[in-house]
> 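The structure under discussion is supplied below as structure tokens; questions concerning it will follow.
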Amino acid sequence: MLKNRGVNEPNFDQIKRTSDGFQSRFGAAPDIIVRCPGRVNLIGEHTDYNDGFVLPIALPFETVIAASSSEDSQINLISEGFGSAHFSLEDNPMHTSGWGRYVHGMGSLITGSLGWNGYISSSIPMGANLSSSAALEIAAGMVFKHLGALEITLREIALIGQRVENEFIGVRSGIMDQIACALSQRGKALLLDCLTMQTSMISIPEDTSVVIMDTGTRRELRSSEYNKRRESCESAALNLAIPSLRDASIEDITKLTNQTLKRRARHVVSENERVLKVVEAFSTGHSLTAGRLFSESHLSLRNDYEVSGPALDRIVEVALGTPGCFGARMTGGGFAGSAVAIVARDQVEQFCNFVTNNFECPESQPALAPTRVYPVEACAGVSLL
Ligand code: GLA
């Protein structure tokens, strides 16, 4: 029996709870309800801000916002589990602290935004590298769009979400999370070329399940390490006199004299190649090949890019020793949070039980939340219900 049965079922209960929450706090039914999923990245890590390739899927976990227009530029937000946030769109988002800043940032950057009252719930684990913040940004962007009847596209909302991270949160993140939350389609992985912003929908072989392995460890992405990695990549590109590492080959990298930059760049260049090879392997039904590339990606992130951590390394090791596992790797920004595996569908239940029973966080990195191992199906991106 899977421990977390039901995570793939539609979130009707959550939607009803959010609508009822709005009604009881604001005294009337909401005008609109928006849902936005989190994401897990299958492969293509730390490539987005290098103009490279990424391959995420949207998750069955969602942020749901029930909202109605307010009279002025005031925003009043109540969250199911995280208190409330109140601010005026005329104020600077930097004056709003906590999660309210994501919504405030979206409103301040979307031209024509109007005020609203909202009740927010989320089933996306926070700090697990599953994009709870991007989901909040994109959901909020949709609320501003629909309540203000604004002519803004999902891609534009995604780009504004990235600007919120960069300008108001202080993380120089790429565009993957926001595009995954905004544009994913049910049953498909989303291949994004971060240079051209072109997207393609990729089928995952029928016999293959995606499994999230949340170690329960947590780390703030804002941490300076993320921004440092991005700076290293920019320096490497500058040294090679190219616009970004997207244009580098493995031979080019040998010209770098700084050993740290060389390793960082080698990860990016090899990871881009792996994304395209995984797409090829998925399209020809070779999940074992795709799995091998997942495992290579983990080693590259651990050894060359140095963004893994003791708990992520251990859960990947346990996964790789479990029957049915095609491959496993850390996912998202890294250091803590979740890893992802691809597993033979007919062995997925045993796989989840085995990893759950055999993984324990190393003493050097204790868990702050329960370890959870569960299969997920690819879900649809943001929508107005
Ligand atoms: C975080 C960022 C993304 C991406 C990943 C690493 O999730 O928000 O833009 O850089 O880390 O692949």
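For ligands, and for the atoms within them, numbers begin at 1 and follow the listed sequence.
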> Please state which option from Val54, Thr331, Asp177 has its nearest heavy atom closest to atom 1 (C) of ligand 1.
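Looking at heavy atoms only, Asp177 sits closest to atom 1 (C) of ligand 1.
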> Any nitrogen or oxygen of Tyr226, side chain or backbone, less than 3.5 Å from one on ligand 1?
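Min N/O separation from ligand 1 is below 3.5 Å for Tyr226.
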> Going by the order shown, which atoms of ligand 1 are within less than 4.0 Å of some heavy atom of Glu45?
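So the answer, numbered in order with elements, is 6 (C), 12 (O).
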> Give the atom numbers and elements of ligand 1 that come within less than 4.0 Å of a heavy atom of Asp48.
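Per the distance check, 3 (C), 4 (C), 9 (O), 10 (O).
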> Less than 3.5 Å apart, any donor N or O on the side chain of Glu165 or Ser133 sitting next to an acceptor on the other?
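Short answer, yes.
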> Charged N to carboxylate O below 4.0 Å: is that the case for Lys16 and Asp13?
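Asp13 and Lys16: not salt-bridged.
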> Below 3.5 Å, N or O to N or O, backbone or side chain included: is there any such pair between Met176 and ligand 1?
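N/O-N/O distance under 3.5 Å: no.
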> Go through it in stages, so that I can follow the logic: the residues are Phe22 and Asn117, the test is side chain to side chain contact (heavy atoms under 4.5 Å, CB included), and I'd like the CA-CA distance, side-chain angles, deciding distance and then a yes or no.
CA-CA 9 Å; Phe22 182 94; Asn117 296 324; 4.2 Å; yes
> May I ask you to decide if the ring planes of His46 and Tyr305 are parallel, tilted or perpendicular, using 30° and 60° as cut-offs?
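Taking Tyr305 first and then His46, their aromatic rings sit tilted (interplane angle of 30° to 60°).
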> Going by the order shown, which atoms of ligand 1 are within less than 4.0 Å of some heavy atom of Tyr49?
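Those qualifying, in numeric order: 10 (O).
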> Taking the six-membered ring for Trp, are the ring centroids of Tyr49 and Tyr226 within less than 6.0 Å of each other?
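Yes, they do, as the ring centres are separated by less than 6.0 Å.
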> Could you tell me which atoms of ligand 1, counted from 1 in the order shown, lie closer than 4.0 angstrom to a heavy atom of Gly174?
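By the 4.0 Å cutoff, the relevant atoms are 9 (O).
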> Which of the atoms of ligand 1 are close to Gly332, meaning less than 4.0 Å from one of its heavy atoms?
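That gives atoms 6 (C), 11 (O) of ligand 1.
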> Quick one: does His104's side chain have a donor or acceptor within less than 3.5 Å of a partner on Ile75's backbone?
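Not at all, since once roles are kept as given, no pair shorter than 3.5 Å links the two residues.
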> Out of His46, Arg39, Glu271, who gets a non-hydrogen atom closest to atom 12 (O) of ligand 1?
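It is His46 whose heavy atom sits nearest to atom 12 (O) of ligand 1.
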> Are any of the side-chain heavy atoms of Met126 and Arg218 separated by less than 4.5 Å?
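Not touching, per the 4.5 Å side-chain cut-off.
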> Indicate, as side chain, backbone, both or neither, the part of Gln162 found under 4.0 angstrom from ligand 1 when only non-hydrogen atoms are considered.
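Within the 4.0 Å criterion, Gln162 makes no contact with ligand 1.
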